[in-house]
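Down below is the structure, laid out as structure tokens.
Not measured: the values here are computed from a predicted model.
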Amino acid sequence: MSQYSFDVIVVGAGHAGIEAALATARTGLKTALFTISLDSVANMPCNPSIGGTGKGHLVFEIDALGGEMGYQADRVTIQSRTLNTGKGAAVRSKRVQADRQLYSKNMKELLEKEENLYLIQAEIGDILIDTSSEKKKVCGVRAFPGGEYTAKAVILSTGTYLGGLTHVGDVTRRSGPDGLLPAEGLTGKLEAMGIRLMRFKTGTPPRIRRDSINFDILERQDGEEVITPFSYRTDRIYLNGIDQLPCYITYTNSETHKIIRDNLYRSPLYSGQIHGTGPRYCPSIEDKVVRFAEKERHQLFAEPMGLNTEEIYLQGFSSSLPADVQYKMLRSLRGFENAEIMRYAYAIEYDCVDPTQLYPTLEFKEMEGLYGAGQFNGSSGYEEAAAQGLIAGINASCKIRGLEPVILPRYTSYIGTLIDDLVTKGTNEPYRIMTSRSEYRLLLRQDNADRRLTEFARQAGLIDDERYASFCEKMRMEKDETERLCTLNVSPTSANDVLRSLGQTEITNGAKMADLLRRPGISYNDLAPIDVFRPKLPEAVIETVETEIKYEGYIKRQLTEAEKQKKIESRLLPEDIDYSKIKGLRLEAAQKLAEIRPASLGQAARISGVNPADISVLVIYLSMKPEDN
């Protein structure tokens, strides 16, 4: 291969592109990763955090699949918190404040040293098509500078750069995030290829100079004492030894809201200047004030952006209002009376693809070898992007190496849910993962991500023998300890003193240790004085065993539902099926099925416009054509 010839080309070195490029390079493929600026690799332009509700689950899953985000997030953690600790295990989510600059620096160093990976600064302006092939098939890209580069697969992960347009009041300029150059030429080329694009919008709040904020009168929020790492590779002792930085809470007030309302006519969001659709679950402050007019205040978080910067991120204060208005509403906040802005808030519009044009592998249906990942696919968030990048990279690698693709069903992961939602239902706004999007969330906990996904990673070649052996040993410990607790009998004599001290009802007959653990308010560690011969186990094993025993009945029910879904998903639909000729199928359903071309009955049932009666027709059709199934 020459310096212009690669197995895989990845366009964009954000969170999606990084995971995609690492996945292909680590499976032995020569990979080029293109970025408009080497200084923006792994940039965090929106917020200095990783994880959060639902998003934390994705990071654990990325790590279980052999991805990099979790490990690098652990290395740059400046505060860690677990959200929803007062709720059930299914919705508890880890979130960290990250050192933004250090995260980018570490990722860039990793990419530069990765074997088989070539990091190149250039803008991709065109996708090259193999005209000798009967089917539409990519064969490379055209870059400036650099010219033509050939490849067997191309992964597009352009983030918010594609057709980027930023807004601050009435000041509009062609720009990517953080004032970087936009990607200008590729949009027209994609449209010429017949790819349907959409226009979305997101935004970011101002960054405030630390010493201009009066933290003394703000509510302080510290990190948790015991930190659970995102990655299996991270030493817990290292994480629990770091000095965490505090965050602070303030609130908008009636004066803030008045300033915003008085200046709505100057907001590009309301003047009609912005045409892209914004994220429902992360609206701008002016949007929140309008949509939730009855609320007297909105909570805001002042978050550090790193150990060696004075910048403070004001989460919840995203805006596209003019600079002078930003100052007025900022200084109306308690603790921010003398605040100085270092970076103004802005909104950014960008081009993305209608994701229903993709297979669950994230390959385009009408363009062999072309894959999409991240915000390019209509999602929002670093974590959603990284997850898709990893799956796109894995599947591009599998296709080139002649292996079966990795398709994650909904019941296996939040990654599977995310991708299935995008490619089956599509989206009319930036898609954000949430625990409520999954029907199987008690099965998809953070603590068991490795159990659910390591075998998929092994299949793809991203898990080495040493890590796989460690995984198998952890699975053995979980199994053995669960069986031990379910068979170990304890007597009233040995148990009642401890139960009384915990405010629990005493037992009159012998009881299984697992039955005591199932009691509300009792933890595995609480039972240590009774269970004196218990083995010494890693905290990760204890957490999973305790959760599985406490929620055993609910888990069994969801496993039963997952098995039913598995059977439906196994009923495959032929790729060349002509839905217009299936008798009894409604016209709308036939049109939607022909457009999406679902791989299975399960996917077909989730398409908007396809009802249970249509699925029954498909079941009959398949039973009459067993050779196609």
Side-chain angles (χ1 to χ4, degrees), residues 1-35 41-42 61-72 106-120 124 128 130 137-141 143 149-157 231-233 359 361-363 368-374 386-408 415 450 453-471:
M1 286 186 177
S2 74
Q3 69 270 31
Y4 291 104
S5 179
F6 296 90
D7 293 309
V8 179
I9 287 173
V10 181
V11 181
H15 306 282
I18 286 170
E19 296 291 352
L22 287 172
T24 56
R26 287 171 174 173
T27 50
L29 301 182
K30 185 181 178 184
T31 302
L33 176 57
F34 285 92
T35 176
V41 170
E61 292 179 354
I62 289 165
D63 187 72
L65 282 168
E68 192 67 29
M69 174 176 269
Y71 179 63
Q72 295 300 333
N106 289 351
M107 274 293 199
K108 183 169 180 284
E109 288 180 359
L110 175 73
L111 295 169
E112 290 170 342
K113 294 176 181 177
E114 187 69 40
E115 188 177 0
N116 300 319
L117 201 159
Y118 299 80
L119 187 58
I120 304 169
I124 304 303
L128 304 180
D130 182 1
K137 184 177 181 180
V138 301
C139 60
V141 299
Y149 295 80
T150 62
K152 300 169 186 174
V154 174
I155 302 172
L156 299 178
S157 50
S231 176
Y232 87 99
R233 291 187 281 165
Y359 290 119
T361 59
L362 297 182
E363 184 180 20
E368 186 176 355
L370 183 64
Y371 295 77
Q388 293 172 71
L390 180 57
I391 295 300
I394 286 173
N395 282 313
S397 174
C398 286
K399 182 161 189 169
I400 290 170
R401 292 183 293 144
L403 303 177
E404 287 295 311
V406 172
I407 298 175
L408 302 179
I415 297 178
D450 55 349
L453 297 174
T454 298
E455 292 291 352
F456 288 101
R458 180 75 168 173
Q459 170 190 335
L462 288 175
I463 298 294
D464 60 23
D465 291 341
E466 182 180 356
R467 178 172 175 181
Y468 189 68
S470 175
F471 161 74

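Under the rule for a ring-ring contact (aromatic ring centres under 6.0 Å, His included), the partners of Y149 that lie at least two apart in sequence or sit in another chain are Y4, F34. Residues satisfying the side-chain contact (heavy atoms from CB on, under 4.5 Å) test with N395, not counting sequence neighbours, are T361, Y371, I391, P405, V406. Listed by chain and residue number, nothing satisfies the side chain to side chain donor-acceptor pair (under 3.5 Å) test with Q459 (two or more places apart in sequence, or in another chain). For the salt bridge (charged side-chain N to carboxylate O under 4.0 Å, His left out) test, residues two or more places apart in sequence or in another chain that qualify with E112 are K108.
In this structure, CD on E114 lies 9.0 Å from OG1 on T31, to the nearest 0.5 angstrom. Summarising the geometry, atom CD1 belonging to I62 is positioned 10.0 Å from atom CD belonging to Q388; distances are rounded to the nearest 0.5 Å. Atom CG of L370 is separated from atom CG of L362 by 11.0 Å, given to the nearest 0.5 angstrom. Interatomic distance, CD1 of I407 versus SG of C398, reported as 10.5 Å (0.5 Å rounding). The CD1 atom of I415 lies 5.0 Å from the CD atom of E61; values are rounded to the nearest 0.5 Å.
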Where do D7 and K30 land on the salt bridge (Lys or Arg N to Asp or Glu O under 4.0 Å) test, with the steps shown first?
CA-CA 5 Å; D7 293 309; K30 185 181 178 184; over 6 Å; no
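Across all their heavy atoms, G28 and N116 have their closest contact at CA-ND2, 3.7 Å. Considering all non-hydrogen atoms of both residues, I120 and A32 come closest at CD1-CB, 4.2 Å. Of all heavy-atom pairs spanning I394 and A460, the tightest one is CG2-CB, 3.6 Å. The two residues L117 and A25 have their closest heavy-atom pair at CB-CB, 4.0 Å. Heavy atoms only, all atoms of each residue included: S231 and G70 are closest at CB-C, 3.9 Å. When all heavy atoms are compared, the tightest approach of F471 to D450 is CE1-O, 3.3 Å.
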Listed pairs under 3.5 Å, donor-acceptor, residues 9-23 side chains, sequence neighbours left out:
{"residue": "H15", "atom": "NE2", "partner": "N43", "partner atom": "O", "Å": "2.9"}
{"residue": "E19", "atom": "OE1", "partner": "E68", "partner atom": "N", "Å": "3.0"}
{"residue": "E19", "atom": "OE2", "partner": "E68", "partner atom": "N", "Å": "3.1"}
{"residue": "E19", "atom": "OE2", "partner": "M69", "partner atom": "N", "Å": "2.8"}

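Partner of C139 under the side chain to side chain contact (heavy atoms under 4.5 Å, CB included) criterion, chosen from L128, V154, T150: L128.
Residue pairs that meet the salt bridge (Lys or Arg N to Asp or Glu O under 4.0 Å) test with at least one member in residues 388-400, sequence neighbours left out, are E363-K399, E368-K399.
Residues L408 and L65 have side chains in contact (heavy-atom distance under 4.5 Å, counting atoms from C-beta outward). Between R467 and D464 the shortest side-chain heavy-atom distance falls below 4.5 Å.
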